[in-house]
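Read through the structure below, which is laid out as structure tokens, and then see the notes.
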Amino acid sequence: MRNFLSLKDIPVRDLKKILVDAKKRKRLRKQLNNLEADKGAPLKGKLLIQMFEKSSLRTRLSFYLAIKQLGGSTLTLRPDELHLSKGGESIQDTAKILSNFGNAFMLRTDSDEKLKEFGKYLSIPIINGLSPSSHPTQILSDIFTVEEIKNKPISSLNITWIGDSNNVLNSLIAASIKFSFKLSIGCPSKYKPSKKVINYIKSNNSKISIFHDPKKAAKGADVIFSDKVISMNDKVNKLKKLKQFKKFKINKKLMSYAKKDCIFLHCLPRGKEVEENVFLSRQSKVWQQALNRVHVQKSILLYCFGKLR
Ligand code: CP
Ligand code: NVA
């Protein structure tokens with residue numbers, strides 16, 4: 001059994017194995033309906049318990065379909081219906097019950113500490129479905145999408161991020177270090193990655209550059225990523241922050257600094273960081289990106305269950 005908490009902690013060999021498996025599974029189930037199981041139903045009889053302490057559409061649906069397509073089932077707990085936190089039940093006792101009733105636990109939370117605590121007490125795998133510090137399942141799936149569309153290893157591509165220094169960017173940074181791809185980050189100087197993240201970048205001999213001019217970050221890009229300026233539970237003066245990001249809005253002009261065949265990706269949901277004529281353009285691959293989460297989630301689950309082929 002293995003946890004999937006952060007890309008930093010997972011050997012790149014294993015991350016690549018997950019991507020290879022996802023590609024094979026996606027190809028093999030082309031003729032199947034959403035709820036039909038893959039041949040062999042490798043997680044038959046297994047229960048994935050999910051809990052979202054923050055909103056979710058894509059992660060919720062993709063894990064639901066992922067476990068179903070592997071032959072298992074899922075149950076989504078509502079945090080306000082548990083005794084945990086308000087009712088005073090401990091993480092330790094909750095984890096014991098989850099481990100006795102279920103086979104894996106996916107948690108979206110506002111506390112990295114909570115993920116760690118659950119990891120300590122669970123005897124079933126735990127998956128990070130987004131935390132303040134990272135969104136690992138999203139970025140692994142995005143690497144899958146980039147390689148699927150570009151038909152090249154991500155290590156040979158110029159990847160750009162224009163936007164806030166948030167959880168999704170942190171995972172992209174970890175991926176850049178693991179997969180060794182060039183990453184140009186464009187953000188206002190006030191919103192550069194935290195000291196801890198900058199130290200991680202520096203101590204890993206990375207191919208990462210940070211620009212405070214979005215045009216410089218976009219120059220020569222094969223892929224431009226973005227995300228909302230205001231993340232869930234971001235405790236900032238929203239209007240002020242949005243204003244500070246005005247120059248970083250992704251529009252046709254900014255896209256023109258990238259390569260001609262540059263694609264636009266966004267984990268969704270979107271805010272005002274991208275103009276509609278980019279978001280809905282042929283360069284935008286956001287719907288394919290979202291759907292690929294199902295395929296990659298499946299191979300992440302198999303990795304956690306020690307069942308990757
Ligand atoms: N991209 C993503 O994680 O979407 P949801 O918040 O809808 O799950
Ligand atoms: N950075 C965003 C990602 C949402 C999927 C957030 O944390 O709200």
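Order of listing sets the numbers, starting from 1, for every ligand and every atom in it. Below, each value reflects all heavy atoms present in this structure, side chains not excepted, and no hydrogens, waters or symmetry copies. These numbers come from a predicted model, not from an experiment.
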Exercise. Judged by modelled atom types alone, do Thr59 and Arg293 share a side-chain donor-acceptor pair under 3.5 Å?
Worked result: yes
Problem set entry | Ser133 side chain to Asp112 side chain, donor-acceptor N/O pair below 3.5 angstrom | yes
Exercise. Polar-atom distance check: Arg108 versus ligand 2, any N or O pair below 3.5 Å?
Worked result: no
For this session: Please determine if Ser231 has a nitrogen or oxygen closer than 3.5 Å to a nitrogen or oxygen of ligand 2.
Result: yes
Exercise. To which protein heavy atom is atom 4 (O) of ligand 1 closest, and what is the distance rounded to 0.1 Å?
Worked result: Arg58 NE, 3.0 Å
Exercise. Atom 6 (O) of ligand 1: which protein heavy atom is closest, and how many Å away?
Worked result: Arg108 NH1, 2.8 Å
Problem set entry | Any N or O of Leu57 closer than 3.5 Å to N or O of ligand 1 | yes
For this session: Answer yes or no: does atom NZ of Lys23 have more than 12 heavy-atom neighbours from other residues, nucleotides or ligands under 6.0 Å?
Result: no
Exercise. Are Asn167 and Ser134 linked by a side-chain donor-acceptor pair shorter than 3.5 Å?
Worked result: no
For this session: Could you see which bit of Leu268 sits under 4.0 Å from ligand 1, with heavy atoms only: side chain, backbone, both or neither?
Result: backbone
For this session: Please check if the distance between the ring centroids of Phe225 and Phe264 is under 6.0 Å.
Result: no
Exercise. Are any of the N/O atoms in Arg60 less than 3.5 Å from those in ligand 1?
Worked result: no
Exercise. Hey, does the Lys NZ or Arg CZ of Lys8 hover above the aromatic six-ring of Tyr200, less than 6.0 Å from the centre and inside 45° of the axis?
Worked result: yes
For this session: Provide, to 0.1 Å, the distance between atom 2 (C) of ligand 1 and the closest protein heavy atom, together with that atom's residue and name.
Result: Arg293 NH1, 3.4 Å
For this session: Please report which non-hydrogen protein atom sits nearest to atom 5 (C) of ligand 2, along with the residue it belongs to and the distance in Å to one decimal place.
Result: Leu268 O, 3.6 Å
Problem set entry | Ser62 side chain to Gln297 side chain, donor-acceptor N/O pair below 3.5 angstrom | yes
For this session: Show which atoms of ligand 1 fall inside a sub-4.0 Å distance from at least one heavy-atom site of His135.
Result: 2 (C), 3 (O)
Exercise. Hey, does Asp227 come in under 3.5 Å of ligand 2, counting only N/O atoms on both sides?
Worked result: yes
For this session: For Gln138, counting its heavy atoms only, list the atoms of ligand 1 lying under 4.0 Å from any of them.
Result: 1 (N), 2 (C), 3 (O)
Problem set entry | Identity and separation of the nearest protein heavy atom to atom 7 (O) of ligand 2 | Asn167 ND2, 2.9 Å
Exercise. Which of these passes salt bridge (Lys or Arg N to Asp or Glu O under 4.0 Å) with Asp38: Lys26, Arg25, Lys68, Lys24?
Worked result: Arg25
Exercise. Do Gln288 and Glu148 have a side chain donor and acceptor closer than 3.5 Å?
Worked result: yes
Exercise. For atom 4 (C) of ligand 2, what is the nearest protein heavy atom, given as residue, atom name and distance?
Worked result: Leu130 CD1, 3.8 Å
For this session: Determine whether Val229 and Lys272 make a side-chain contact, defined as any pair of heavy atoms from C-beta on separated by less than 4.5 Å.
Result: no
Exercise. Quick check: does Cys267 get an N/O under 3.5 Å from an N/O on ligand 1?
Worked result: yes
Exercise. Any idea how His295 and Phe144 line up, ring-wise: parallel (<30°), tilted (30 to 60°), or perpendicular (>60°)?
Worked result: parallel
For this session: Among all protein heavy atoms, pick the one closest to atom 8 (O) of ligand 2 and tell me residue, atom and distance.
Result: Met232 N, 2.8 Å
For this session: Give the atoms of ligand 2, by number and element, whose distance to some non-hydrogen atom of Asn166 is under 4.0 Å.
Result: 1 (N)
